[in-house]
Amino acid sequence: TTLTASIAGFDFDNVLLNAAGVYCQTASELDQILEASGAGSLVTKSATPAERDGNAGVRFAEMPLGSINSMGLPNLGLDYYLDYTITHQDEKPLFLSIAGLTKADNLAMLRDVQDSDFNGLVELNLSCPNVPGKPQTAYDFDTTREILNEVFSFYTKPLGVKLPPYFDIAHFDMIAEILNDFPLAFVNTINSIGNGLVVDPETDTVVIAPKGGFGGLGGEIVKPTALANVRALRQRLRPEIKIIGTGGVTNGRDVYDHILCGADLVSVGTSLYFEGPAIFERLNNELIAIMAEKGYNHLDEFRGRLQTLA
Ligand SMILES: CC(C)(C)CCc1c(C(=O)O)[nH]c(=O)[nH]c1=O
């Protein structure tokens, strides 16, 4: 059974990696993913130009069927993650995630990466806020097109975008129309489902401190939305734009489902947070068992082959 995939000429010897933000803040965490059996790659915590503490107070919580977070982009700064990825980029193909809080920050960071010795893949996190009072960038279609125009006016290394979930067919059409106009290596879908709210039944309070308890949802609870976004974008994007499926992966069947919907790689967030890097070997073994049951030797025998009903 081969679990290989390729993006922008990079060959991955298996399809699993961490989701940005989980197990990827420090070199020690990144090393654990790099060395984990069953992880084909890693992505860094989304970087800002300077390091950030992120939000104060309890900012991550477990809930039935998943997690809620409002971390606030705590990270050690772009140079830290550039240094790490440059040091290790010959061991596996690596993803460097960036998340500027302004367009200027994103462009400045991409110029730094363009001029650096990093030759891996960049994941541009478009879930970042735009100007206050406007929705996050990826929900502001004109701004999304504008930033990609500016990025691709100078950035020539492999680049993809991390997208929040969309919930309206017209929005799938609109974002795909924009993305198809650019030489993107990949799209990673989905980021957490924004601004959920969880109540603690013991205390009648919210469960995280920032934003009055509003936060991004991850885990099992987001799987149907994640699969819908993988499927919808696979159906609409040019085949050269590969897809990293993220959201709701807890077992091999979830990995299989992401691939069946069209994913080339599959990333794991909430479950990795709770289980640790050993999860990658378990997920791979479970995926291989499902493929064996179905008589598949290669992922491309079923990738994107979700069937509809007559
Ligand atoms: C939500 C932002 C802080 C704008 C970006 C970073 C981020 C965070 C975060 O650092 O709070 N959490 C997520 O689930 N997804 C993200 O993309």
Side-chain angles (χ1 to χ4, degrees), residues 17-26 29 42-63 65-78 80-81 95-106 109 122-140 143-144 147 160-166 175 186-198 206-223 225-226 229 244-249 267-274:
L17 71 159
N18 66 300
V22 182
Y23 249 93
C24 57
Q25 186 91 5
T26 62
E29 289 181 322
L42 63 77
V43 60
T44 65
K45 169 65 185 174
S46 295
T48 47
E51 73 174 281
R52 284 171 54 89
D53 292 339
N55 289 333
V58 174
R59 56 199 193 179
F60 176 93
E62 182 174 13
M63 59 165 179
L65 301 180
S67 65
I68 183 169
N69 90 83
S70 186
M71 310 301 288
L73 259 177
N75 75 95
L76 291 171
L78 176 64
Y80 183 93
Y81 299 110
F95 292 85
L96 172 69
S97 175
I98 73 163
L101 292 175
T102 63
K103 183 170 74 170
D105 277 0
N106 273 320
M109 286 193 282
V122 160
E123 182 173 282
L124 176 59
N125 184 345
L126 292 181
S127 285
C128 285
N130 184 21
V131 298
K134 287 182 74 175
Q136 60 171 288
T137 301
Y139 288 161
D140 177 341
T143 300
T144 297
I147 192 165
V161 292
K162 178 72 172 285
L163 295 175
Y166 298 95
I175 190 65
F186 69 94
V187 162
N188 186 333
T189 177
I190 62 173
N191 203 325
S192 50
I193 295 181
N195 295 304
L197 188 64
V198 174
V206 300
V207 297
I208 54 173
K211 294 177 60 177
F214 284 71
L217 305 180
E220 274 183 71
I221 198 164
V222 311
K223 185 182 168 190
T225 293
N229 278 262
I244 301 175
T246 305
V249 174
S267 82
V268 189
T270 298
S271 303
L272 169 62
Y273 179 90
F274 291 118

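Indexing begins at 1, ligand by ligand and atom by atom, following the structure's order.
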Answer yes or no: is there a side-chain heavy-atom contact under 4.5 Å between [X] and [Y]?
X	Y	answer
L73	S46	yes
N69	I208	no
N18	E29	no

Measuring from atom CG of L163 to atom OG1 of T137, what distance do you get when rounded to the nearest 0.5 angstrom?
11.0 Å

Are a donor atom and an acceptor atom from the side chains of N188 and T246 found within less than 3.5 Å of each other?
yes

Have N55 and K211 got a donor and an acceptor in their side chains that come within less than 3.5 Å?
no

Could you list the atoms of ligand 1 found under 4.0 angstrom from a heavy atom of [X]?
X	value
C128	4 (C)
S127	4 (C)
N191	13 (C), 14 (O), 15 (N), 16 (C), 17 (O)
P129	4 (C)
N69	8 (C), 9 (C), 11 (O), 12 (N), 13 (C), 14 (O)
S192	13 (C), 14 (O), 15 (N)

Using a 4.0 Å heavy-atom cut-off, which part of K211 comes near ligand 1: side chain, backbone, both, or neither?
neither

Please work out, at 4.0 Å between heavy atoms, whether the side chain, the backbone, both, or neither of L101 comes within that distance of ligand 1.
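No part of L101 is near ligand 1 at this cut-off.
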
Backbone or side chain, does any N or O of [X] fall under 3.5 Å from an N or O of ligand 1?
X	value
P74	no
G72	yes
G216	no
S70	no

Taking M109 as the fixed residue, which of I98, L124, V122 is the one that meets the side chain to side chain contact (heavy atoms under 4.5 Å, CB included) rule?
I98

Is there a donor-acceptor pair closer than 3.5 Å between any side-chain N or O of N106 and the backbone N or O of G100?
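A pair under 3.5 Å: yes.
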
Which residue supplies the protein heavy atom nearest to atom 6 (C) of ligand 1, what is that atom called, and how far is it?
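Answer, as residue, atom name and distance: L73 CG, 3.8 Å.
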
Describe, in one word, how the ring planes of Y139 and Y166 are oriented to each other, choosing from parallel (under 30°), tilted (30 to 60°) and perpendicular (over 60°).
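Taking Y166 first and then Y139, their aromatic rings stand perpendicular (interplane angle over 60°).
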
Sub-4.0 Å heavy-atom contact, K45 with ligand 1:
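Distance cut 4.0 Å: K45 passes for ligand 1.
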
